[in-house]
Amino acid sequence: MEARTYSRDTLAQVLREHDINPTHQRMEIAYALFSRGEHLSADQIMAAVNSQHSETSKATVYNTLNLFVQKKLIREVVIDPNKVFYDPNTGDHHHFYDVVTGKITDIEAENIELYGLPPLPPGKVAEGIDIVVRIRPEGE
């Protein structure tokens, strides 16, 4: 999804365009994620939502994020099995992950060249390639 500013009104339309019913909690979760335009964990999203309205459960946040991923509104960035972030940018790109700060930043797809992809198994097609470059400050 292209970078732009989202209001709650425009997000309701975005949810409808992805065949998602814009309930109050879904709107608040989408707003927490899209208004910041950052890669956030489910816990960070829940904290942002509940700082305004302490009514959203962890299960609701996870179920909503899974729905958003399923409907291709957002994408998951899996750093490791215990670190999953949600990315409102669904365009082609990759990521830097700072292992010290935990911050994720985008790498534009055109800045990476990939050679030598192995042949895919028979009957399979590539859905995508996600590259995560783990970085840290020099000397650490």
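Because the structure is a prediction, the values reported are computed rather than measured.
When side chains are defined from C-beta on, D43 counts as touching K58, because their heavy atoms get closer than 4.5 Å. Between L15 and N21, the closest side-chain pair of non-hydrogen atoms is not below 4.5 Å. Side chains of I107 and I131 form no contact here, defined as non-hydrogen atoms less than 4.5 Å apart. The side-chain heavy atoms of Y86 and E76, taken from C-beta on, include a pair separated by under 4.5 Å. The closest side-chain heavy-atom distance from H93 to D87 is below 4.5 Å. Side-chain contact between L11 and P22: absent, with no pair of heavy atoms (C-beta onward) separated by less than 4.5 Å. For the pair I104/I79, a side-chain contact is recorded, criterion being any heavy-atom separation below 4.5 Å from C-beta on. Contact check for F85 versus Q44: side-chain heavy atoms found under the 4.5 Å cut-off.
The OG1 atom of T64 lies 9.0 Å from the CD1 atom of I20; values are rounded to the nearest 0.5 Å. The CD atom of Q70 sits 12.5 Å away from atom CG of L65, with the distance rounded to the nearest 0.5 Å.
Here the options are N89, L40, V69, the test is side chain to side chain contact (heavy atoms under 4.5 Å, CB included), and the partner is I74; only V69 passes. For the side-chain hydrogen bond (donor to acceptor under 3.5 Å, both in side chains) with Y97, the qualifying choice from K83, R134, K103 is K83, the only one to do so.
Between the side chains of D106 and H94, not a single donor N or O lies within less than 3.5 Å of an accepting N or O.
Shown here is N63, whose CG atom has more than 12 heavy atoms of other residues, nucleotides or ligands within 6.0 Å.
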- Task: Take T10 and F34, measure what side-chain contact (heavy atoms from CB on, under 4.5 Å) needs, and give me the verdict at the end.
- Result: CA-CA 11 Å; T10 58; F34 283 90; over 6 Å; no
- Take R8 and E28 through the test salt bridge (Lys or Arg N to Asp or Glu O under 4.0 Å) and record every step on the way to the result. CA-CA 8 Å; R8 284 176 173 80; E28 292 304 315; 3.1 Å; yes
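Both V14 and L67 are members of a single hydrophobic cluster when ILVMFWY side chains are connected at heavy-atom separations under 4.5 Å. Hydrophobic clustering, with ILVMFWY side chains joined whenever heavy atoms are under 4.5 angstrom apart, groups V49 together with M27. Under a hydrophobic clustering in which Ile, Leu, Val, Met, Phe, Trp and Tyr are joined whenever their side-chain heavy atoms come within less than 4.5 Å, directly or via other members, V77 and V133 fall into different clusters. Y62 and V78 fall within a single hydrophobic cluster, where Ile, Leu, Val, Met, Phe, Trp and Tyr side chains are chained together by heavy-atom contacts under 4.5 Å. Cluster membership for V132 and I135, using ILVMFWY side-chain heavy atoms within less than 4.5 angstrom, is not shared.
Taking every heavy atom of both residues into account, T90 and L73 meet most closely at CG2-O, 3.3 Å. Taking each heavy atom of L120 and K124 in turn, the nearest pair found is CD1-O, 3.8 Å. Between V100 and P137, the shortest heavy-atom contact is CG2-CD, 3.7 Å. The two residues S51 and A48 make their nearest non-hydrogen contact at OG-O, 2.8 Å.
Contacts of Y31 classified as side-chain hydrogen bond (donor to acceptor under 3.5 Å, both in side chains), with partners at least two apart in sequence or in another chain: none. Take D130 and apply the side-chain hydrogen bond (donor to acceptor under 3.5 Å, both in side chains) test, not counting sequence neighbours, and it matches R75. Here T56 pairs with nothing under the side-chain hydrogen bond (donor to acceptor under 3.5 Å, both in side chains) rule; sequence neighbours left out.
Using modelled atom types, one side-chain atom of Q25 and one backbone atom of E55 make a donor-acceptor pair closer than 3.5 Å.
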